[in-house]
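In this text, all values refer to a predicted model and were calculated from it rather than measured experimentally. Lettering of chains follows the sequences in order, A, B, ..., and the numbering in each one begins at 1.
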Number of protein chains: 2
Amino acid sequence: MRRPTLNDVAKAAGVSYATADRVLNNRGSVSEKSRKRVQQAIADLGYVRDQQAANLSRRRQFHFRFILPIGNHSFFQALHAAVAEEAPVQRGDRVNLSIVGTPALDADAQVAALDAVGDDCDCVAVVATRTERVTAAIRALDARGIGVITLVSDAAPEARRAYVGIDNRTAGRTAGRLMEIAHGPRGGLVLPIVGVLQASDHRDRLDGLHDALAGTLPAIEILPAISVQDRADLMRDMLPRALAARPDISGIYSIGAGNRGLLEVLAHHRGPRPFTIVHELTPVTREGLSGGLFDAVIDQKPAQEVRRAIEVMKAIATGTAWRDPARDITPAIYVKENMPLEGGSPTAH
Amino acid sequence: MRRPTLNDVAKAAGVSYATADRVLNNRGSVSEKSRKRVQQAIADLGYVRDQQAANLSRRRQFHFRFILPIGNHSFFQALHAAVAEEAPVQRGDRVNLSIVGTPALDADAQVAALDAVGDDCDCVAVVATRTERVTAAIRALDARGIGVITLVSDAAPEARRAYVGIDNRTAGRTAGRLMEIAHGPRGGLVLPIVGVLQASDHRDRLDGLHDALAGTLPAIEILPAISVQDRADLMRDMLPRALAARPDISGIYSIGAGNRGLLEVLAHHRGPRPFTIVHELTPVTREGLSGGLFDAVIDQKPAQEVRRAIEVMKAIATGTAWRDPARDITPAIYVKENMPLEGGSPTAH
DNA sequence: GAGAGGTTGATAGACGTCAATCAATTTTTG
DNA sequence: CAAAAATTGATTGACGTCTATCAACCTCTC
C-alpha cells in the first residue's frame, strides 16, 4: 500500500541504497549491469521520487523574480495583484516570489532590473518590450545560468526560455471574428483604437483584426486606427470626433487601455451603438459589459498566466519538462453572461 | 536570507521548540502568555510552515478518487484523460489519484462506486446525477470523514463540500447572448437540441437560453427542444426533419452530445446555414469550428477543472481554506480563431 | 602478483517538521 | 502549605532523500 521508496528499489534490484542512488541521480560510476537492474526495479515498482523529500534534503529553495510594469493601467495592477496573491501560497511550497516594478515601456529600466537580478534567483519572468538591449540583458542572465521567461508580451523570442501569454495576433483575429458574427449578413465599418502603434502587441492585434476581416462579404471595412496613448482623457477627446466624422461606424475595437473614456463616450453617444470589443477584464470593462455598453471583452486571464508562469519556472529550475504554455493560454472571450465573479476571498472550510 | 524555521520562531519567542510546536499545532496546553509570544514571533519573522517537510513527517499521502462516467462521449473521455494525465505529476507531490468508471446516468452504479470507497481515501470527486440515493451515499461518506466534491454536474448541493464545474444556466445564457449578437437587429428562430431533458444540466442550459432571449426585440423565438439522446444517429435522423419543418430556423443550440451527426447534417444543408453553437471542445467540434460549420463552442475546460478539483480536495484533506471554484470556473467561448491547440506533449528543456 | 582503476556496500548527518515522552518547573487549589 | 494540576523544556526517532566518506572488492594491465 505504501508507495515504494528508493530503499525498496534497492532491495528489489539486489543492490545497496548507494548504488540505487547513483543510478537515480547518475553520479559516481555504476556498471551497466547494476544500472539495468535498478532501472528495471524502478519500472517494476513504479517508483517515483518524492519531490518534497528531495527538495527538503537539497534544502532547495526557489527564488523567482517577476519584473512587471508599473502604471495606472488596471491590467498591470491585476497582474501585480495576481503575483502578490500567489506569493504566500507558494512560500509554503519553498517557492519565494519577488516583484520589481519598472515604468511601462521603459526598456532601460527593464534592462536595469534584469541586470540587478541576484545570483540567488533561479528564474525570472519579465514583461518586456521588444528591444535589442532587453534581448541582450536576457541573454546575459541566461549565461549566468538564470533562465528568463517572458510574460504577456513576447519580447526576445530568441533568448527567452518560454513565453507565457496570449498570441496577440490571435487575439486580434478573435476580435475580428466577433465583429463578423455581430455584423451578420450586413457590411460595416470598424474603428480600431490603439495605445501606441509602436507597441508590438497593439500592432499584432490590429494585424489580427485585418486578417480576420479581409475578404468578408459584404465588406466590413476597417478605418485607420486612432491612437489614444492608453489614456482615458485622450479617448474622451478623440473618439467623439472620429464618431462624428463617420456616423456609419458599426464597430469599435479598443485594443489598449483608456476604456474609462470609451465608456463615457458611449454612454453619451446618440444613434445606434457600435458593437464594441475591448481588452482585459477590469473594473471598467466589467462595468461596460454589465451596463450593456461593451459587448465583449477579450481577456488574457492574468491570474492564470501567473500560475502557469510559476509552473514553467519551477520546471526550468528543476530541469524537468514542461508543457508548452501556448497550448492552453488563449484569449478568453467574455460577454455579460459568462463574466467571472470578481475578487472573492478564500472560503473557510 | 534563509527562511525562518520553527526553531527560529521558538528562539525569537524565548520558548522551547516544544512550546512553539504546541502553539502552532495547538496541542497540549500552553499558557496565554506563551501563546501570544509565539504568535508574535511568527508574525514578526513571517514564519510559514514548510508544507513539504510537514507532509513528509506526517507521512501524509493523499488518496483522491475520481468517479467518472464512462461512455463514448468525447467529453467524458477528455475528462478521463485529464485525470490520467495529472496522475503521474501529482504522485511526485504525494497525491495519488484513482479513477473509477460508472455507466453514464446510472445512479445505482454511482452509489455503488461511492459506497465502495475505502477508508484510505481522503476525498472523492464524483460526476453524479441528482438523485436522493446519490445524496445519501455522499452523506454517508461524509459521515465517515471522507469529503466529497461534485464535478461537472452539481448533484447533491446540500451534501457535497464543493462543486467544481460551470453553472449550466450561465452557459445557456451565454449561448443566448451569442445568438443575440449573431442575429443583430433581425429576429430569428432558434432550435435547441438536448440529450434528454431529464438531465438537469441540459434543462439548466435550456432555461438559460430562454432567460437570455426573453424579451429580445425583434423577437428571437425558441422552438421546443428536440431530444436526440446524445446520439449522432438520432441527430442525423431527427434534425433534418426539424429543419425541413421550419426552414426559417436561424440558429441551432446543441446542448448535449451527438455533434458528429450535427456536423454531417449541416454539411449537407442547403440554404443559409443557421448560426450554430455547440458544447465542449472535442475533435468533432474542433472540426466543426475550423470547417466553419459551427460558429461557437461553449467549453468547460475539463483539464482545468480537474486541476482545480485536485486543489480543492487537497485543501479539504488538509483542512485549509480554498477559493470558491465558482469564482474562476466559467464557461469559455471558443470561435475558430481562439481555439486552443490540441494535445501537445511536454517540451523537453 | 602488485598496483591502478572501476565498482560496490555501509553508514552517517543533514533538511524541517511531527509526535511523543519524561522530568522539571510553575501555578492553582483546597 | 502541601498536593494537584498546568505548563514548560529537552530530547528522540521517524519521514524519504541528498551528499559525502571510507573500506572492500573486482577486473584489468604491466
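OP1 or OP2 of C:dC18 has at least one side-chain nitrogen or oxygen of B:Asn25 nearer than 4.0 Å. Distances shorter than 4.0 Å separate none of the side-chain N or O atoms of A:Ser34 from OP1 or OP2 on C:dT7.
Rounded to whole angstrom, the span from the OH atom of A:Tyr17 across to the P atom of D:dT21 amounts to 17 Å. Rounded to whole Å, atom P of C:dT7 lies 10 Å from atom CZ of A:Arg22.
Of the candidates C:dG9, D:dG9, D:dT17, C:dG9 carries the atom nearest the A:Ser16 side chain, counting heavy atoms from C-beta on. Considering only side-chain atoms of B:Thr19, the nucleotide from D:dG9, C:dT17, D:dC18 that sits closest is D:dG9. Of the candidates D:dC18, D:dA6, C:dC18, C:dC18 carries the atom nearest the B:Arg27 side chain, counting heavy atoms from C-beta on. Among the nucleotides C:dG9, C:dG16, D:dT17, the one closest to any side-chain atom of A:Tyr47 is D:dT17.
Direction change of the helix axis from one end of the helix from C:dG1-D:dC30 to C:dG30-D:dC1 to the other is 30°, with five pairs defining each end axis (rounded to 10°).
Closest of all the heavy-atom pairs between B:Pro302 and B:Leu79 is CB-CD1, 3.7 Å.
A heavy atom closer than 4.0 Å to some atom of DNA chain D occurs in A:Ala54, A:Ser57, A:Arg58, these being the qualifying members of residues 54-64 of chain A.
The closest side-chain donor-acceptor pair between B:Arg65 and B:Asn96, if any, does not fall under 3.5 angstrom.
One finds no salt bridge joining B:Asp142 and B:Arg160 here, because no Lys/Arg side-chain nitrogen approaches an Asp/Glu carboxylate oxygen to under 4.0 Å.
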